Visitor: 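Sharing a structure, written as structure tokens. Questions coming.
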There are 2 protein chains.
Amino acid sequence: MDKKPTIDDVARAAGVARATVSRVLNSSPNTSERVRQRVLQAVKDLGYQVNLQARQLASGSSRVVALIFAAAADAEPNSYYHSAVELGAMRACSELGYGLIAHTLDPAQDVYRSRVLAMVDERRCDGLVLTPPFSDDAGLIRALTQREAPFVLISAGPDARRLAHSVGIDDRQAGFELGEHLVRGGHRCFGFISGPQDHRSAALRLDGFLEALRHAGIDEGCVTVAKGNFTFKSGIDCAEKLLASAARPTALACANDDMAAGALFSAHRIGLNVPSDLSITGFDDTPVSQIVWPPLTTIHQPLRVIGSKAIELLVGQIMRENGASDMADHQHLVPFELIQRSSTSQGAPN
Amino acid sequence: MDKKPTIDDVARAAGVARATVSRVLNSSPNTSERVRQRVLQAVKDLGYQVNLQARQLASGSSRVVALIFAAAADAEPNSYYHSAVELGAMRACSELGYGLIAHTLDPAQDVYRSRVLAMVDERRCDGLVLTPPFSDDAGLIRALTQREAPFVLISAGPDARRLAHSVGIDDRQAGFELGEHLVRGGHRCFGFISGPQDHRSAALRLDGFLEALRHAGIDEGCVTVAKGNFTFKSGIDCAEKLLASAARPTALACANDDMAAGALFSAHRIGLNVPSDLSITGFDDTPVSQIVWPPLTTIHQPLRVIGSKAIELLVGQIMRENGASDMADHQHLVPFELIQRSSTSQGAPN
DNA sequence: ACGTAATTTGGAAGCGCTTCCACAAATTAG
DNA sequence: CTAATTTGTGGAAGCGCTTCCAAATTACGT
């Protein structure tokens, strides 16, 4: 097995200096067309490929960014959400000539911070995109800011959004519209399955939801909240609890689709008909919302767009390379949409 | 902002040579305890972190492996499958001190081969794990073998398994057991929703299934096959077609859970009761099989184990560093299990 | 035609690390 | 107590690339 050709081999073959080859390869502006062609030809002839390690070492940048997801060690990760964001991110990356490395960490294990920081300290990547609940971790954000590492937050809560560049939807407004929708359906007694506390943007969904009810003149006492953790399983458990109460709600709003699927499962088990006995709403519009029966009314988040937008912001930040100062308009809000399917009744319930 | 400390800073602080620091850091055998401690102390004091790029360039290995998944540009990726495999792989990696980079590619776009090869050519990783349908791509396998790149196949078909190290279940036997189960349930008229052609291991599932029917003395004419592509959507379409036929099957076996969920969806829409009117089986035992109602009878594949096993094999291969010769016992078969849930009837159908 | 400015090219110095080789020190054997 | 080993350590040569700087070439104005 013969060794791989290096830049020097190319230089020799093209009869130019190593520096010239480097310039051509990095499309530096100052190269004559004649030399340029010669070099390109030599590259092709030899089947030359840059050695990324060497390039990175010499240039001091890896041209790789990382996308950080949460996944509890035992629980199933919210895969559809992840995949969609990752897909968007990947596209943006390949367009911008960056590599993407997706990393999932368990937010319950305290090492996660050092793991994240190690990624930038060891120069595995030039920048980071954080998804919830990491995007609400003030300590992490501070550490990142301190070492001047470029990063972008996805679906962060209001506090975190103040501290760094971010992209996401208006969760509060989305929650509001869900509330409105259910009120319009004639419901007066509600259950809400929320996310864990550290997930700030999910909390906003509840805020907005409650506001919609208030707006409609419905008493706060008419809504019971159960705290889930975004898993299907927790949706089952919460729904079971909520549906067992004396004043059984006729509508269940859930902070994500997986929990809504769980609620639906509970309803089936109890023998309730959806939507005639019980309306259920999800959040995110992941494929789960269409896989279940009946398909879920939910809020569509443009997850891929969010992923690609985050990368664009991040790369912009990396290129600018000055960091700090320009926190100007870098709080991107993307549009969401209420998707009406058959898990919610149109008219009034019993 | 002060620059990061280098190995030379550590050496100076500890009063030893750079080479010694390197030895300590790489736990080379020849270092005295006294010096060792001094170096470690200096590392801690300075907050030193190795620069991976430099280490990789100097050592010629990146200590990173890649996991390649398929995802059509438009269709939703089979996320649960991916996540589970990735999780297992990730664990094995962190145990073995390797980094993992998961990459998804569209098998429909021809560039995918060069993308994969570039990963090893550019030395982004020391080795690869391929999932279907890439694990059945003879051309890719050949190219990889030719450049002596270490790689491991997941759920590859028999042809590919002959060519390289692999890990997976006995798909044929799993299909057989599914068939048996349905026959035991009293069914005599079947539908089978298969995967795309290039997915060899999924084809084995059908082979095994048919064999079970033959075994039970059931005529081949009693089973109709529809070709899906592993997506929920294709499950709906195929089921619709199969259920519309004159001799409507009383049992539908599907090559993965997502398509089974689609079949279930169709059944609901048509107004068939599962399992009393129609039994449905999935494959993989991803969370989808429990999210739907009724939950699916399916084959449990130990996806995480498969992921971690693949990494172990791969790293073993990388360390051995001789490649080729020892294709001995490197065809790992992991156990699967038939999981019985309520989507299949126990007794005889109508 | 000539001087000066703008552009293209080559030379060489690293980037931060691993690892080979040689040498000194500490052991063991004879 | 010297000779033959076995350690432990330092020096130095790269790994393959980018990039600064200076030299060479070309373009342009007068």
Side-chain angles (χ1 to χ4, degrees), chain A residues 2-40 42-43 46-64 97 99 118 120-124 126 321, chain B residues 2-40 42-43 46-64 97 99 118 120-124 126 321:
Chain A
D2 37 349
K3 292 208 59 64
K4 297 201 57 182
T6 73
I7 195 173
D8 288 314
D9 296 326
V10 176
R12 210 170 307 122
V16 298
R18 183 202 303 178
T20 304
V21 177
S22 177
R23 262 179 234 115
V24 171
L25 261 34
N26 293 286
S27 46
S28 143
N30 295 337
T31 40
S32 72
E33 193 54 27
R34 212 170 46 81
V35 171
R36 197 185 150 62
Q37 289 307 330
R38 252 198 355 244
V39 170
L40 258 24
V43 166
L46 295 172
Y48 169 77
Q49 306 239 180
V50 295
N51 176 316
L52 284 189
Q53 264 95 50
R55 175 195 293 233
Q56 291 167 16
L57 178 57
S59 69
S61 102
S62 62
R63 284 187 84 75
V64 164
V120 332
D121 285 340
E122 292 176 348
R123 299 220 155 47
R124 275 184 199 277
D126 290 351
E321 190 69 316
Chain B
D2 36 348
K3 292 207 58 63
K4 295 199 59 182
T6 74
I7 195 173
D8 288 314
D9 297 326
V10 175
R12 210 170 307 120
V16 299
R18 183 201 303 178
T20 304
V21 178
S22 177
R23 263 179 234 116
V24 171
L25 261 35
N26 293 286
S27 45
S28 142
N30 293 338
T31 40
S32 70
E33 193 53 28
R34 213 169 47 81
V35 171
R36 196 184 152 62
Q37 289 307 331
R38 258 205 343 250
V39 170
L40 258 23
V43 166
L46 295 171
Y48 170 77
Q49 306 237 179
V50 296
N51 177 317
L52 284 189
Q53 264 96 48
R55 178 199 293 245
Q56 290 167 17
L57 177 57
S59 69
S61 101
S62 62
R63 284 187 84 75
V64 164
V120 333
D121 285 341
E122 293 176 346
R123 299 219 155 48
R124 274 183 199 278
D126 290 350
E321 189 71 317

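So that the names make sense, note that chain A is the first sequence line, chain B the second, and so on, each numbered from 1. These numbers were taken from a predicted model, which means no experiment stands behind them.
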Visitor: Let's see if you can work this out: which of D:dG16, C:dG10, D:dG14 has an atom nearest to the side-chain heavy atoms of A:A17?
Guide: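 When the side chain of A:A17 is considered, C:dG10 is the closest of D:dG16, C:dG10, D:dG14.
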Visitor: To the nearest 0.5 Å, how far apart are CG in A:L46 and OG1 in A:T6?
Guide: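 The OG1 atom of A:T6 is 9.5 Å from CG of A:L46, to the nearest 0.5 Å.
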Visitor: Measuring to OP1 and OP2 of D:dT18, would you say a side-chain N or O of A:N26 lies under 4.0 angstrom away?
Guide: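 So the side-chain polar atoms of A:N26 do come within 4.0 Å of the phosphate oxygens OP1 or OP2 of D:dT18, strictly under.
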Visitor: Would you state whether a donor and an acceptor, one from the side chain of B:R123 and one from the base of D:dG16, lie under 3.5 Å apart?
Guide: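 In this structure, the two groups form no donor-acceptor pair.
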Visitor: Please tell me which of B:S59 and B:R34 maps to the more 5' nucleotide of DNA chain D, matching each residue to the nucleotide holding its nearest heavy atom.
Guide: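 Between the two, 5'-proximity favours B:R34.
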Visitor: Identify the heavy atoms of B:P5 and B:G47 that sit nearest to each other, and give their distance.
Guide: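 Between these two residues, the closest heavy atoms are CG-O, 4.2 Å.
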Visitor: Of the options C:dC17, D:dC20, C:dC15, whose atoms approach the side-chain atoms of A:R23 most closely?
Guide: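 The listed nucleotide nearest to A:R23's side chain is D:dC20.
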Visitor: Is A:D126 reaching over with its side chain to a backbone N or O of A:S61, donor-acceptor style, under 3.5 angstrom?
Guide: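 No: the side chain of A:D126 does not pair with the backbone of A:S61.
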Visitor: Taking the side chain as every heavy atom from C-beta outward, state whether B:D9 and B:Y48 have any pair of such atoms under 4.5 Å apart.
Guide: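 Contact flag for B:D9/B:Y48 side chains = no.
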Visitor: Which nucleotide, C:dT9, D:dC15, D:dA13, lies nearest any side-chain atom of B:A58?
Guide: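 Minimum distance to the B:A58 side chain belongs to D:dC15.
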Visitor: Using only side-chain N and O atoms of B:T20, determine if any of them is under 4.0 Å from OP1 or OP2 of D:dG10.
Guide: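 So the side-chain polar atoms of B:T20 do come within 4.0 Å of the phosphate oxygens OP1 or OP2 of D:dG10, strictly under.
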Visitor: OP1 or OP2 of C:dT9 versus the side-chain N and O atoms of A:S32: is any pair under 4.0 Å?
Guide: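 Yes, A:S32 has a side-chain N/O under 4.0 Å of OP1/OP2 on C:dT9.
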Visitor: Hey, does the side chain of B:N51 come within less than 4.0 Å of C:dG16's phosphate (OP1/OP2), counting only N and O?
Guide: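 So the side-chain polar atoms of B:N51 never come under 4.0 Å of the phosphate oxygens OP1 or OP2 of C:dG16.
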Visitor: Considering every strand and a 4.0 Å limit on heavy-atom distances, what is the contact class for A:S22: base, sugar-phosphate, or nothing?
Guide: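 Base: the residue A:S22, judged by heavy atoms under 4.0 Å, touches a nucleobase.
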